[in-house]
There are 2 protein chains.
Amino acid sequence: MAKEGTGQPERDPEGVSRFVEHFAAQLVMAGMPRMPARVFAALLVSDTGAGGSAELGEALRISPAAVSGAVRYLDQQHLVSREREPGSRRERYRVHGDQWYEALTSREAVIRRWQDALREGIASVGPDSPAGRRLGETLAFFEFVEKEVEGIMDRWRVHREERFERE
Amino acid sequence: MAKEGTGQPERDPEGVSRFVEHFAAQLVMAGMPRMPARVFAALLVSDTGAGGSAELGEALRISPAAVSGAVRYLDQQHLVSREREPGSRRERYRVHGDQWYEALTSREAVIRRWQDALREGIASVGPDSPAGRRLGETLAFFEFVEKEVEGIMDRWRVHREERFERE
DNA sequence: CCTTAACTTCACAAATTTGTGAAACAAGCG
DNA sequence: CGCTTGTTTCACAAATTTGTGAAGTTAAGG
C-alpha cells in the first residue's frame, strides 16, 4: 500500500479496528464480557495508553454509558486505573503498560480458590477413594502451578529487562 | 456394584454437591458455560470418573437434554471422551484423569491466536510507535510464556511421577 | 421384528445479559 | 455564580443464552 518514506509508518485505522475486535475476541473467549474487552483492546492500541469516555466511545461506536460500565469492570479487575487530568474535566483511563498481563496471569487469589474448592471435595469423598485420589492429583497440579507461575514472572522480568536494554 | 470398604471414609453427599457447585463456579469464572462446568465437576468427583446421561442428570437435577448439550461442549473442548460400553445401551462419558488440566492450560493454539492478533495490531500501528512498542512487549510476553508453559508441563510430569511413586 | 432403554435433537419459553437514551452529577471556565 | 463539557447512574428494551419437554434416533433383548 501507499506509504510515505518518512520512516514513521502511519496508522492504518481499518487495521487498528480489526485488531481491536480480534484481540477483544480473545479476551471474551477467556471469559471477559464483551464491552470491557473492546475498551481494553482500544486502550492497548492507543498511542498514549489512555483515553476518555467520549474518545473511546467514538472509536468503538458505543455510547459513553457503555464505556463507563466497561471501565468500572476493568477497574475492579485492576486492568486499568483512572487518572484525573488536572486542567481538564476529561477523565483518563490508563492501561498499566507492563503490568496488565501480570494481573491476568498471576492472580494468586484465583488459584487459591481452585485449591480451596478441591480440598473441600477431597474431604467430602475421602482422600483414599478413587475420586479422592483424582482430586488430590489435581490439587497437587494447582499447587505446583502456583509455585511455577511465580518463577515464570520472575524470569520474565529479567528477560524483559534484557530485551529493553538491547533496544 | 460398589464394594463398601471397611476403613473407607464414607462419601458425604451434601459435601460432594457443594464441591460440584463451587468447582463449577470456578470453571464458569474461567469462561466455561454453566451446565458443562457442572457436568464436568460431577464427572471429576465420581469414583469411576465416568457416567451416563441419566446418571449425571439425576445427580445434578437437570434434564438428560441438558447433559447431552453439556457433553457435546466438553467433547469439543477435549475435556471428556465418550465410550460405548459393549453390552449395554449406556454411553459413558469419561474425564481424562490426569490430562484434563493439561488441556486447560497448555493449549498452544490459544496462545497462538493471541500472538496472531498482536502481530496484526503491531503491523497496523507501526512497530516504532508508542502503541507498537506496547503491543510488541505484550507479544514478547506471550512468546515467553509459550516456551515456559512447555517447560512447566515437563517439570510437572516429573514431579507427578515422583509423587506417585512415593505414595 | 417389535419393544424398550439410553441418548440426542429441536423448538420454544424463561431467565439473564447487554447496551442505550435520558437524566443526574461534577468540575472547570467565563 | 451559572454555563458548558465530560462522565456516571438508572430504567428499560433488545438480544442472547439457557434449560426443558417432546419427538426422533439407535441399538439391545426378547
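Since the structure is predicted, the reported quantities are computational estimates derived from the model, not experimental observations. Chain naming here is simple, since letters A, B, ... match the order of the sequence lines and numbering starts at 1 in each.
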(message) In whole Å, I'd like the distance from the CZ atom of R92(B) to the P atom of dC7(C).
(response) 11 Å
(request) Name every residue in residues 55-68 of chain B that has at least one heavy atom under 4.0 Å from any atom of DNA chain C, in order of residue number, or write none if there are no such residues. (result) P64(B), A65(B), S68(B)
(request) Could you tell me whether E143(A) and R119(A) make a salt bridge, using a distance below 4.0 angstrom between a side-chain N and a carboxylate O? (result) yes
Side-chain donor/acceptor pairs under 3.5 Å, residues 68-82 of chain A, sequence neighbours excluded:
{"residue": "D75(A)", "atom": "OD2", "partner": "R82(A)", "partner atom": "NE", "Å": "2.9"}
{"residue": "Q77(A)", "atom": "OE1", "partner": "R107(A)", "partner atom": "NH1", "Å": "3.2"}

(message) As a test of reading the structure: which of dT18(C), dT7(D), dG19(C) is closest to the side chain of M35(A), going by heavy atoms?
(response) dG19(C)
(request) State whether a side-chain donor-acceptor pair under 3.5 Å links Y101(A) with E137(B). (result) yes
(request) Using whole Å, report how far CG of D75(B) lies from C1' of dT8(C). (result) 13 Å
(message) Can you tell me if Y93(A) touches the phosphate of dT8(D), counting only side-chain N or O atoms and a distance under 4.0 Å to OP1 or OP2?
(response) yes
(message) Taking the axis from the first five pairs and the axis from the last five, what angle separates them in the helix from dC1(C)-dG30(D) to dG30(C)-dC1(D), rounded to 10 degrees?
(response) 10°
(message) Are R94(A) and L43(A) packed together at the side-chain level, in the sense that at least one heavy-atom pair is separated by less than 4.5 angstrom?
(response) no
(request) Measure the shortest side-chain to side-chain distance between E120(A) and D116(A) over non-hydrogen atoms and say whether it is less than 4.5 angstrom. (result) no
(request) Send over the distance from R34(A) CZ to dT16(D) C1', rounded to a whole Å. (result) 11 Å
(message) Check this for me: does any side-chain nitrogen of one of R157(B) and E161(B) sit under 4.0 Å from a carboxylate oxygen of the other?
(response) no
(request) Look at the side-chain heavy atoms of Ile, Leu, Val, Met, Phe, Trp and Tyr, link any pair under 4.5 Å apart, and say whether L139(A) and L27(B) land in one connected group. (result) yes
(message) Whole angstroms only, please: what is the OH-C1' distance between Y73(A) and dT18(C)?
(response) 14 Å
(request) Starting from C1' on dT17(C), measure out to CE on M32(A) and report it in whole angstrom. (result) 17 Å
(message) Quick check on the hydrophobic clustering: are V110(B) and F144(B) connected, directly or via other members, by side-chain heavy-atom contacts under 4.5 Å?
(response) yes
(message) Within the 4.0 Å heavy-atom criterion, would you say R82(A) contacts the bases, only the backbone, or no part of the nucleic acid?
(response) sugar-phosphate
(message) Tell me the interatomic distance from R72(B), atom CZ, to dG19(D), atom P, rounded to whole angstroms.
(response) 13 Å
(request) Start with the C-alpha distance between E83(B) and E91(B), add both sets of side-chain angles, then the distance that settles side-chain contact (heavy atoms from CB on, under 4.5 Å), and finish with yes or no. (result) CA-CA 6 Å; E83(B) 330 183 320; E91(B) 179 139 20; over 6 Å; no
(request) Give one of base, sugar-phosphate or nothing for G52(A), where a contact means two heavy atoms less than 4.0 Å apart. (result) sugar-phosphate
